[in-house]
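Contents: one structure, followed by commentary.
Only heavy atoms go into these numbers, but all of them, side chains included; no hydrogens, no water, no symmetry mates. Heads up: numbering here begins at 1 and tracks the sequence. As the structure is a computational prediction, the values presented were derived from the model and not from experiment.
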Amino acid sequence: VVALSLGGIAAAIVQYSFNLSGPKLLADSQTKDQRRAVFESVTLVKFVLSGLVLALVSLGLALVRPEAGLLTLIMVSALTGAAASNSTWVLQFENRFLLVAGLSIVATACAILFGFALVSENTPWSTWYGGIALVLAPTFVGGLTLVAAITRLRARFDWRKFSAAGALVR
């Protein structure tokens with residue numbers, strides 16, 4: 001429960017940090033190359049922010065729950081990484097609503113099936129299975145929307161351009 005709570009906080013910080021500025025920058029873009037550059041910059045910054053937030057959350061977890069194990073850190077990392085990779089904002093701008101909706105529905109269905117199949121009161125790992133079920137959908141959607149956006153925009157992440165992405169933080 002603590003892992004999911006901390007992971008949820010970390011994901012919210014990363015997910016919504018560019019919820020308004022990313023689409024605004026896309027709307028201001030005139031060409032596909034400019035939209036690609038916005039996507040690349042926002043995504044790079046989201047991953048760096050994800051790493052920083054994950055480090056802080058992991059430190060907090062170590063202080064609050066020193067007995068937390070590797071599985072807890074994996075769940076927190078998965079939620080934070082899912083938020084960083086979630087690219088629904090750019091796909092919606094590119095009029096790929098059906099793709100986003102379809103991925104979300106399939107991911108939710110898989111998480112529900114996983115939860116119903118493995119969670120029972122007789123299983124000692126039920127709490128963890130339930131947590132994993134809750135992490136599955138955002139991880140699935142995050143990863144696949146990132147791949148779809150990269151494919152759609154033909155993005156090429158160049159870490160040398162990261163200084164330009166730093167302007168988004170300012």
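Atoms OG1 and CZ, from Thr31 and Arg36 in turn, are 8.5 Å apart once rounded to the nearest 0.5 Å. Here the CG-OG1 distance, from Leu99 to Thr88, works out to 10.5 Å after rounding to the nearest 0.5 Å. In this structure, Leu153 CG and Asp33 CG are separated by 10.0 Å, a value rounded to the nearest 0.5 Å. With values rounded to the nearest 0.5 angstrom, Glu40 atom CD is found 9.0 Å from Ile150 atom CD1. The line from CE of Met75 to OG1 of Thr80 is 11.5 Å long, rounded to the nearest 0.5 Å. Asp28 contributes atom CG, which lies 11.0 Å from atom OG of Ser21 (distance to the nearest 0.5 angstrom).
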Where do Phe140 and Val106 land on the side chain to side chain contact (heavy atoms under 4.5 Å, CB included) test, with the steps shown first? CA-CA 9 Å; Phe140 182 82; Val106 169; 4.0 Å; yes

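The only option from Leu79, Leu73, Val76 that meets the side chain to side chain contact (heavy atoms under 4.5 Å, CB included) definition with Val57 turns out to be Val76.
By the neighbour-count criterion of 12 heavy atoms within 6.0 Å, atom NZ of Lys24 is sparsely surrounded, having that number or fewer from other residues, nucleotides or ligands. Within a 6.0 Å radius of CG in Leu63, more than 12 heavy atoms belonging to other residues, nucleotides or ligands are found.
The two atoms that bring Thr145 and Val141 nearest to each other are OG1-O, 2.7 Å, heavy atoms only. Closest of all the heavy-atom pairs between Phe39 and Ser87 is CE1-OG, 3.6 Å. Counting all heavy atoms, side chain and backbone alike, Phe114 lies closest to Tyr129 at CE2-O, 3.5 Å. In terms of heavy-atom proximity, Phe93 sits nearest to Arg35 at CE2-CD, 3.4 Å. Taking both residues in full, the closest heavy atoms of Ser126 and Leu118 are given as OG-O, 4.1 Å, listed atom of the first, atom of the second, then distance.
Counting heavy atoms from C-beta on, the side chains of Thr43 and Leu146 come closer than 4.5 Å. Looking at heavy atoms from C-beta onward, Cys110 lies out of side-chain contact with Leu136 at the 4.5 angstrom threshold. Here the side chains of Trp89 and Leu26 are in contact, with some heavy-atom distance below 4.5 Å.
Of the possible donor and acceptor atoms, one in the side chain of Lys46 sits under 3.5 Å from a partner among the backbone N and O of Asn86. A donor-acceptor contact shorter than 3.5 Å links the side chain of Ser85 to the backbone of Ala82. Of the possible polar contacts, none joining the Arg152 side chain to the Leu91 backbone as a donor-acceptor pair under 3.5 Å is found. Not one N or O on the side chain of Glu94 forms a donor-acceptor pair closer than 3.5 Å with the backbone of Val90.
Taken together through direct or relayed side-chain contacts under 4.5 Å among Ile, Leu, Val, Met, Phe, Trp and Tyr, Ile13 and Leu56 form parts of separate hydrophobic clusters. The hydrophobic clustering, which links ILVMFWY residues whose side-chain heavy atoms are closer than 4.5 Å, places Trp125 and Val135 together.
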